[in-house]
Trainee: 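This is the structure I have questions about; it appears just below.
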Amino acid sequence: MKYWLIKSEPDVFGIEDLEKVGREPWDGIRNYQARNFMRDGMEVGDLAIFYHSNAKPPGAVGIARVASDVYPDPTQFDSKSKYHDPKSNPDEPRWLLRDFEFVLKFPEMVSLEELKAEAALEGMMVTQRGTRLSITPVEAKHFKKVCKMAGVKVPK
DNA sequence: GCCAACGTTGGC
DNA sequence: GCCAACGTTGGC
């Protein structure tokens, strides 16, 4: 079991949206490092901290689970999509995604400020300045600590 | 809205 | 393969 952190802007797709739909294809990833994490690092069943970026305040708001294998992100071939990539070849799709399913919403957000202030979370990528990756690996001890700060049990 | 950080593109 | 220009992310 590996642990991850996935960012999303609540104005676009927040934890409430995931709770409502239950499961969502994580489309729009247009960064090679993030894609590689999804493709090579993740396994079905892995857990991810759901993080609200560009929010007031930004922070961890819940937990999602990797719910599918990787498959091509359909938005890359959709000329009407803002994620359209005319350079991607359908025979060899450049962008991939996985589905994520809702696990739980934290009773209260653990803000970025709190994450940064917690010594036990030192080294967590999201707390480091300049980390813009929308998908990052999270150490098990960090994942558990965030659950504890949020007042929830680590999901099975 | 500003702007630092950083990834990508493309000319050479 | 270098690197300047440009675009995007995301905290503040």
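Values below: all heavy atoms of this structure, side chains included; hydrogens, waters and symmetry mates excluded.
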Trainee: Tell me what A:Lys116 touches on the nucleic acid: a base, only sugar-phosphate, or nothing, going by heavy atoms under 4.0 Å.
Mentor: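 Sugar-phosphate contact only - A:Lys116 comes under 4.0 Å of backbone atoms but never of a base.
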
Trainee: Without decimals, in angstroms, what is the distance between A:Lys56 NZ and B:dC2 C1'?
Mentor: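 These atoms are roughly 14 Å apart.
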
Trainee: A:Arg132 has a side chain; which of C:dT8, B:dT9, C:dG10 sits nearest to it?
Mentor: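 For the A:Arg132 side chain, the nearest candidate turns out to be C:dT8.
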
Trainee: Rounded to whole Å, how long is the line connecting atom CG of A:Leu133 with atom C1' of C:dT8?
Mentor: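 That distance rounds to 13 Å.
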
Trainee: So do A:Lys7 and A:Pro58 actually touch side chain to side chain, heavy atoms under 4.5 Å?
Mentor: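 Answer no - side chains too far apart.
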
Trainee: When the ring planes of A:Phe13 and A:Trp26 are compared, do they come out parallel, tilted or perpendicular, using 30° and 60° as the limits?
Mentor: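 The arrangement is perpendicular - the two ring planes meet at more than 60°.
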
Trainee: May I ask you to check whether A:Arg30 and A:Thr75 show a side-chain donor-acceptor distance below 3.5 Å?
Mentor: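 Looking only at side-chain atoms, A:Thr75 and A:Arg30 do form a donor-acceptor pair, the distance falling under 3.5 Å.
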
Trainee: Expressed as a whole number of angstroms, how long is the span from A:Asn31:CG to C:dG7:P?
Mentor: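 Whole-Å distance recorded here is 18 Å.
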
Trainee: For A:Asn54 and A:Tyr32, find the nucleotide of DNA chain B closest to each by heavy atoms; which residue's nucleotide sits nearer the 5' end?
Mentor: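 Per heavy-atom nearest nucleotide, the more 5' residue is A:Asn54.
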
Trainee: Between A:Ile29 (CD1) and C:dT9 (C1'), how many Å, whole number?
Mentor: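 Roughly 12 Å, once rounded to whole Å.
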
Trainee: Under 3.5 Å, is there an N or O donor on one side and an acceptor on the other linking the side chain of A:Arg30 and the base of C:dT8?
Mentor: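 In this structure, the two groups form no donor-acceptor pair.
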
Trainee: Rounding to an integer number of Å, can you tell me how far A:Glu113 CD sits from C:dG10 P?
Mentor: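 For the pair A:Glu113 CD and C:dG10 P, the rounded distance is 19 Å.
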
Trainee: Check the phosphate of C:dG10 against A:Lys7, side-chain N and O only, distance under 4.0 Å to OP1 or OP2. Yes or no?
Mentor: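 True: A:Lys7 side-chain N/O within range (under 4.0 Å) of C:dG10 OP1/OP2.
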
Trainee: If I take atom NE2 in residue A:His52 and atom C1' in nucleotide C:dT9, what distance separates them, rounded to the nearest angstrom?
Mentor: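 For the pair A:His52 NE2 and C:dT9 C1', the rounded distance is 17 Å.
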
Trainee: Tell me whether the count of non-hydrogen atoms from other residues, nucleotides or ligands lying under 6.0 Å of CD in A:Glu16 goes above 12.
Mentor: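 Correct, the count exceeds 12.
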
Trainee: Figure out the CD/P separation between A:Gln128 and C:dG11, and round it to whole Å.
Mentor: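 To the nearest whole Å, that distance equals 14 Å.
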
Trainee: Whole-Å distance between C:dT9 C1' and A:Ile6 CD1?
Mentor: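 That distance rounds to 17 Å.
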
Trainee: Measure from the side-chain heavy atoms of A:Lys87 and tell me the nearest of B:dT8, C:dG11, B:dT9.
Mentor: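 Out of B:dT8, C:dG11, B:dT9, the nucleotide with an atom closest to A:Lys87's side chain is B:dT9.
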
Trainee: Applying the salt bridge (Lys or Arg N to Asp or Glu O under 4.0 Å) test to A:Arg65, which of A:Glu101, A:Glu24, A:Glu43 qualifies?
Mentor: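 Only one option passes, and that is A:Glu101.
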
